[in-house]
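Reading through the structure tokens given below for one structure.
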Amino acid sequence: MAEAQGSPGPWAAPDQPCVFKLVLLGSGSVGKSSLALRYVKDDFRSILPTVGCAFFTKVVELGVSSLKLEIWDTAGQEKYHSVCHLYFRGANAALLVYDITRKDSFHKAQQWLQDLEKEFPPGEVVVMLVGNKTDLSEEREVTFEEGQEFAESKRLLFMETSAKLNHQVSEVFSAVARELLRRRKREGPAQARDAAVALSGGPMRQVRCCTH
Amino acid sequence: LTSVSPSPPSLGDQRPALEPGTHVALDLPLSMEPAPGPVSRAAPAPRTEPAPVATGEAPPEPIPGLCHPSAVREKKQHRAGLCPIMAYTATHLAQQLTLMDAEQFKKVLPWECLGSIWTEQERRDKELVVPTISAALSHFYHVADFVLPTCLGTCTMKAQDRARVLGLWCWRCQECTTLRNYSSSRATVTALECPPIHQLKKPWRAVSRRSLISFFPLCTEKAPELMNDCVHKLGISKLASVENNLQRAQMRQWRRKQGIIPCLGTFLTNLVLLKKRTHNAMDDWTSREGGVHSMKLQAIKILQQLQLLQVTVENFRFELDKEFQSWFQTMKRLDQEDKLELSVSSHVH
């Protein structure tokens, strides 16, 4: 069954909105918690580095359909790296966040992608690359093109945001939500018919490429 | 993101120019007033005539006008053997130490507490591996070392003088507990229970009953329990375990306007114990990762609790007494030999 896979959400209750688990990954102080806070509470303030993991839920309305996102905001600091792996099990989507003013955070996001690939069969998780802090564009170290190129090569969604200025934050989450719903519509019936096929990790539809 | 504050005014703002060794000309006389409260436990002011007859009620006899450190310093020079600490009320001492403890505690990086990091390292590397923790621990011992010489003092100190100082520390310990500063409270208890002070039979007999009564509940093994009770009462452990939204938990704690400075040692002990359990679990069921994982998550919960407490520390807002702070900072740290010497000399009288 799908539950055995650790992602009971989408197929759980018929009347409730589907629940998808989304994890925020990336190195320390790139703005993962700020993105989550901006999206869920529409708030921006200086926050303490996350210890372990924080958790938010948000219902996303997409036209006629709605879905519930469980947002798992993980700690970016290297010291918590081993614990973060415990949190991203059973995720349906992942945001790989980097700071456009720090090249190392961009490399770290690429490492996170490798970790995800180890854990999940290809195409099982919707992955989006997010370059945060566009408000600091004068200190930019990672160009838009670099990000986009990497995203295209790995077939990830891609966007640049600013949690501080509330620029494209909700767009990120709704793009992921749309992608999740699209996949569910395609793969849902197949999974419902025979979950074992999905478990065996057969070739899935490739993630749609960058929209920009 | 080094600032620990979601709150606008941080304690750090109030103490920009604290440099050890600089004795500022006193421009904050207000800070020396005993804190308003139902029980004004002002310490006795510096005495002008030697060895008064009444030894009993040391702390509760306020003489407001004389509670001024500069006044004391002058007097001190005239009269050897009088301990300058007596110029401060227990409340004032507790508040000032709390400000310092808060500053240290805020700086602690939660991940440094993870047992796996610092038990595996050589002890001597501790300052490099876990700088914020070793700073906090060193501050803890500094507080303890601060108590020791004030009680033992010079060999000319009389038993009655010592009794008064002991009484003051007993009250201060109680005040710290009232303020929920369990770190200083524990440091004082540690100091007062250490052999050189513990064996001061005559002075202890002269300490007022009221002081002793306030001190006894703190000096037993119950102290960590007291702290845990308080943490439970404020719902911090519950918040950390139930509330997954860290930001919300932090804001809620901050709005409560109550601060707690825990004894860091208690946290570290808990984490080390947890780590030992994790090791045992690995030995027992190597195949079952679940046990280890759940313990890792438990450790994270403890760290989240620590972080919540760091947020509450923002609620300590006392006026900073620069004079006292710099005096404290310049206080000599004692090594074993110093302690022994003090102990021996104190027994001559």
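Being a predicted model, the structure only gives us computed values, none of them experimental. Below, chains carry the letters A, B, ... as their sequence lines are ordered, and counting in each starts from 1. The analysis underlying the following values was restricted to heavy atoms, covering all of them including side chains, and did not include hydrogens, waters or symmetry mates.
- Under the side-chain contact (heavy atoms from CB on, under 4.5 Å) rule, Val51(A) has a single partner from Gln307(B), Gln305(B), Lys301(B), which is Gln307(B).
- Between Ile300(B) and Gly52(A), the closest heavy-atom pair is CG2-CA, 3.4 Å.
- Contacts of Thr143(A) classified as side chain to side chain donor-acceptor pair (under 3.5 Å), with partners at least two apart in sequence or in another chain: Glu146(A).
- You'll find the side chain of Trp111(B) stays beyond 4.5 Å of the side chain of Val83(A), heavy atoms only.
- Of the inter-residue distances, the one linking Lys79(A) atom NZ with Leu109(B) atom CG reads 10.0 Å to the nearest 0.5 angstrom.
- When the ring-ring contact (aromatic ring centres under 6.0 Å, His included) test is applied to His81(A), the partners found at least two apart in sequence or on another chain are His85(A), Trp112(A).
- For the atom pair Leu303(B) CG and Thr50(A) OG1, the distance stands at 12.5 Å (nearest 0.5 Å).
- Counting non-hydrogen atoms of other residues, nucleotides and ligands closer than 6.0 Å to NZ of Lys68(A) gives a total of 12 or fewer.
- Using a distance-only test at 3.5 Å, with no hydrogens or angles considered, a donor-acceptor pair links the side chain of Gln304(B) to the main chain of Cys53(A).
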